[in-house]
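Since the structure comes first, as structure tokens, the remarks are kept for the end.
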Amino acid sequence: MYVQARRTKLEKIREMGVNPFPYRFEKDTEARYVFANFDQLDNTDRELSLAGRVMTMRVMGKASFCHIQDESAQIQLYVRKDDVGEDQYKLFKLLDIGDIIGVTGPAFRTKKGEISIKAHKIMLLSKALRPLPEKWHGLKDVETRFRQRYLDLIANPEVRELFVKRSRLINAMRSFLDGEGFVEMETPVLQPLYGGASARPFVTHHNALDVDLFLRIADELYLKRLIIGGYERVYEVCKDFRNEGIDRYHNPEFTMIEFYMAFADYHDIMELVKRMLLDIATRVFATTEFEFAGNKFDLNAEWEILPILESIKQYAGIDAANLDDQALAAECERLGIEIEKTRGRPKILDDIFTEKVQPNLIQPTFITDHPLEMSPLAKVHRENPKLTERFELYIAGSEVCNAFSELNDPDDQRERFRMQQKFSKLGDEEAQQLDEDFLKAMEYGMPPTGGLGIGVDRLFMILTGKTNIREVILFPQLKPE
RNA sequence: GGGGGUGUAGCUCAGUGGUAGAGCAUCUGCCUUUUAAGCAGAGGGUCGAAGGUUCGAUCCCUUCCACCCUCACCA
């Protein structure tokens, strides 16, 4: 019925000889500009052209007010019959909230003190056939907000600003890396083998080749091929796809940024990522202090470096290095940590870590030197053959990134893949695949390299205090209606 | 997958075993500086879906669907 009323108006507008969907409008001013420069604009004859969506209307017999919203702000229009003429005023009365219009006229301040535009000309730019969510209470229903994100963006300016921030954040990362001499590369989304992470993939099919292909779960192995190819600093901002559960920390497609730096080790990467996060936080948010889920942290604080076994000793009181598997399992039971007996020692350690250590890591903390079995792409620790040179950065109890001194010994890499194959046979659906093509590449010689991946959505959540990933992804995955 | 919650007008929300309510939006009339979106009046509902209990269900019961929270799984 709402739609019908609007269609009737649409016909009336057409009968007046007005095209309700014209082609362009010469917009020269943003609403925000008028507010920012009102002192120079007030009481001048300067004609400004603005355009935006009608958000409010107060229509009276011969003079009316409305607000239009453009990308920058909302501004009031004063439309007087004597100023715009009989026909335009008639047209104005046929407008609805939601219509997109252009206006030309000078800026002034009303009796009540609101900065406004006195319309000399009004132009309908697009007729809206459906009513907008109400303006006073706004749009709150989260399902509508996610399913019809455009309504969320129209109704909730802070959401519009949030996604601009997201864009700026990614831009800042690119600009930081570019400044460090990195080059952004593009690697395949469709891969004959999936690799570079432990996760279940999406499978698709290429008809002409008649082969199954996987949507990438990471771009790691391709970026390393580029390091082998002679680029010394590469990165990629990429969408990865993981065929796993959806919850407030996981969306099936998500954004990663990975970078690889030849001749560097994981210590260099720690230093680099710290500089990078400080740089982008300062540039995008103009602060280093944040709060996420009630936890305050400061990127300017000291970033502790804590080997994972040390962290377990410190927070769980378990000296895992000196315990055999049985004793370890007994300790878990004592602490009330449920473990699956079938899982190997690394998984048990991971469970302890997740349960007892991770929630305590509020200030930026590098957790380092993970056991070998957990890290099939990381280089053996130079001082302990059971460990790898790896770190994960934790902030506010969340993992933000994962990095290694990259494994570049092809024979060792082959062994690691074989170990993964064993896990796979034991039923680990996330075990990594043996990639002969990648091994071949490495056999041509890969320089010592440090590499890192940052989950961009997670990082952005932490920096904006959003505790649901759907708040930071424009079109999050939902079940079909 | 388990537990808890939500689903009522375009939007935000009340409510009841006896044919459904408010504010805003919509429609009509009035109005040349209004504004929580002017004043007055009017219209508007498959009460998430299907079944059951009942003389009668939006309300009680069952199943299903979607979303939120939480646990599990999972980076």
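The shown structure was predicted, so the numbers you read here are calculated from the model rather than taken from an experiment. Convention: sequence-line order gives letters A, B, ...; per-chain numbering from 1.
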OP1 or OP2 of B:U12 versus the side-chain N and O atoms of A:K140: is any pair under 4.0 Å?
no
What's A:K81 touching, base or sugar-phosphate or nothing? Going by heavy atoms closer than 4.0 Å.
nothing
On a whole-Å scale, what distance lies between the C1' atoms belonging to B:A66 and B:C74?
23 Å
Taking atom CG of A:L377 and atom CG of A:L221, what is their separation to the nearest 0.5 Å?
6.0 Å
Determine which pairs satisfy side chain to side chain donor-acceptor pair (under 3.5 Å) with at least one residue from residues 189-200 of chain A, sequence neighbours left out, and list them in order.
A:Y194-A:Q433, A:S198-A:Q432
B:A36 and B:C30: how far apart are their P atoms, nearest whole angstrom?
24 Å
Determine the contact category for A:S64: base if any of its heavy atoms lies under 4.0 Å from a base atom, sugar-phosphate if only primed atoms, P, OP1 or OP2 are that close, otherwise nothing.
nothing
Using the P atom on both, measure B:A40 against B:G4 and round to a whole Å.
48 Å
Does any N or O donor sit under 3.5 Å from an N or O acceptor when you compare the side chain of A:Q76 with the base of B:U34?
yes
Would you mind telling me which of A:R145, A:R166, A:K466 makes a salt bridge (charged side-chain N to carboxylate O under 4.0 Å, His left out) with A:E471?
A:R145
Comparing A:S116 and A:D141 on RNA chain B - which has the more 5′ nearest nucleotide:
A:D141
Taking the six-membered ring of A:Y315 (Phe, Tyr or Trp), confirm whether the NZ or CZ of A:K356 is under 6.0 Å from its centre and within 45° of its axis.
no
Stem finding on RNA chain B, please: runs of three or more consecutive Watson-Crick or G-U wobble pairs, both distances under 3.5 Å, sorted by first number.
B:1-7 with B:65-71, B:10-13 with B:21-24, B:26-30 with B:38-42, B:48-52 with B:60-64
Between B:G45 and B:A22, how far apart are the two C1' atoms, rounded to whole Å?
15 Å
Which value, in whole Å, describes the distance between the C1' atoms of nucleotides B:G21 and B:C47?
12 Å
For a quick check of understanding: with a heavy-atom distance under 4.0 Å over all strands, which category does A:D82 fall into, base, sugar-phosphate or nothing?
base
